[in-house]
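Each remark here refers to the structure printed beneath this line.
Worth knowing before you read on, the calculation uses all heavy atoms, side chains too, and leaves out hydrogens, waters and symmetry mates. Predicted model only: the values in this text are computed from it and were never measured. Atoms within a ligand are numbered from 1 in the order they appear, just like the ligands themselves.
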Amino acid sequence: MENKKLIFSGIQPTGTFTLGNYIGAIRNWGPLQDEYNCIYCVVDMHAITVKQGPVKLRQSTMNSYALLMACGIDPEKSILFIQSHVKTHAELSWVLGCNTQFGELSRMTQFKDKSQRHPDDINSGLFTYPVLMAADILAYNADLVPVGVDQKQHLELARNIAQRFNQRYGDFFTLPEPYIPKVGAKVMSLQDPTKKMSKSDDNPNAVILILDDKDTIIRKFKRAVTDSEAEICYREGKDGINNLMTIYSSVTGKDFAAIESEFAGKGYGDFKLAVGEAVADHLEPVRTEFARISQDKAFLKKCYTEGAEKALRYSQRIVSKVYRKVGFVDKT
Ligand code: TRP
C-alpha cells in the first residue's frame, strides 16, 4: 500500500443504514479513499454479542457489505471485508484481552447499557467486545478511526491497551486517533428531534432507511414533527425544523441562509415535501447500485474473498510479530 495514513473502521451488519449513519459517517468514507489507505470491515463477530438468528445475520452481513459498496466504497481502492473471514482479529483479541483489566471493561458505558437491556444474556463476549474492537484496529496498526461519540470510550480503551502493550513488550503499536470528518452532521429522529435518529426506534416514521423507496421517504417527512410556528429558519428551540434544515442542507449543499430565503413565506408542508424529494433523489443512486450489486452474488463473493485475503496478508505480519513479542514459539 502507498505511504499514506491508515484509516480503519468497522460497521455493524444491520443490513441497512439510517439516513443518520449515511450523512454522519458512511457517505464520508468514499472520499477518504483517495487521501488515505482505508480498511473497512463488517463486524459480524461483534454482532453475535447480542442474540441473532443465523439466517438473518448471514443476510444482513451480505447486505451491509453490498450497501457499503453502493455507498461508494470501492474494493479496488480500499480493503473491504467481513470480520469473521480474517482469523487474526480473534487471535489478537486473546492476547490483548490478557493485557486488559476487568475493571477497565466494567467501566464501559455500552456494556452497562447493553447488560441492562438484555439482563437474560450478559455473556462474556458482550463484556470483552471492546477488546475485539481494539484488535480490529491494532491488527492493522491503524492511525485513524472514524467513530461517533458512542464509540469514543472504546477507542480510548484501545489506545490504553496499545500503550500498556508497548510498555510491557517494547514500542510496537501505533496509538490510534479518532478521526472527525470535516463534513458530517448529526441527524435527529423525525418524531422526536431531541433524540438521535436510530434504527432501533420503535416508531418507523422516526427513521429514514437508505433503502426506503421514494414514496416511503416522502410520507415519513410529511409526518415529521415540527413546531407550532410557521417560519422556516434555524433557531434554538426549533428542533424539528433545525433537523429538516440540516438534512436538506446536507443533501443539496445549500447553506441555511439559502434555505431560509428559498422557503420564505412558504408553509411547513411545502418544506417537508421538498426535503423528502431531495433526500429521495439523493439516495436513488445508492438504491439502484445496491440492487445491481446484490443480485450479482458471484461478484459480491469475489469482492469479499479478495478483501479477506488482503486483510489477512496485512494483519498476519503484525499479529505474528505480536506472538513473537509475547514469547510464543515460532511455528516456522
Ligand atoms: N463498535 C463499533 C460500532 O458499534 C463497530 C466497530 C467494531 C468498530 N470494530 C471497530 C468501529 C473498529 C471502529 C473501529 O459502531
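- Cation-pi check for Arg317 over Tyr314 is met; the charged atom lies under 6.0 angstrom from the ring centroid and within 45 degrees of its normal.
- The Asp136 neighbourhood of ligand 1 comprises atoms 7 (C), 9 (N), 10 (C), with distances under 4.0 Å to a heavy atom of that residue.
- Those atoms of ligand 1 with a heavy atom of Gln12 less than 4.0 angstrom away are 4 (O).
- Residue Arg219 qualifies as enclosed at atom CZ: its count of foreign heavy atoms under 6.0 Å is above 12.
- Near Val145, meaning under 4.0 Å from any of its heavy atoms, are these atoms of ligand 1: 13 (C), 14 (C).
- Minimum heavy-atom separation, Tyr248 to Val275: CD1-CA, 3.8 Å.
- Looking at Ser9 next to ligand 1, no N or O pair under 3.5 Å apart turns up.
- Counting heavy atoms closer than 4.0 Å to ligand 1, residue His46 contributes side-chain atoms (C-beta onward) but none from N, CA, C or O.
- Distance from atom 6 (C) of ligand 1 to its nearest protein heavy atom, with residue and atom name: Gly10 O, 3.8 Å.
- For atom 12 (C) of ligand 1, the closest heavy atom belonging to the protein is Phe8 CE2, 3.5 Å.
- Stacking of Lys266 on the aromatic ring of Phe263 is recorded, both the 6.0 Å distance cut-off and the 45° axial limit being met.
- A donor-acceptor pair under 3.5 Å links the side-chain atoms of Asn243 to the main chain of Met188, judged by distance alone.
- Residue Tyr129 has at least one heavy-atom neighbour below 4.0 Å for each of these atoms of ligand 1: 1 (N), 2 (C), 3 (C), 4 (O).
- Considering all non-hydrogen atoms of both residues, Val319 and Ala139 come closest at CG2-CB, 4.4 Å.
- Contacts with ligand 1 closer than 4.0 Å are made by side-chain heavy atoms of Ile137 only, the backbone lying farther away.
- In terms of polar-atom proximity, defined here as any N/O pair under 3.5 Å, Gln151 does make such a contact with ligand 1.
- The pair Glu156-Lys152 does not meet the salt-bridge criterion, since no charged nitrogen lies less than 4.0 angstrom from a carboxylate oxygen.
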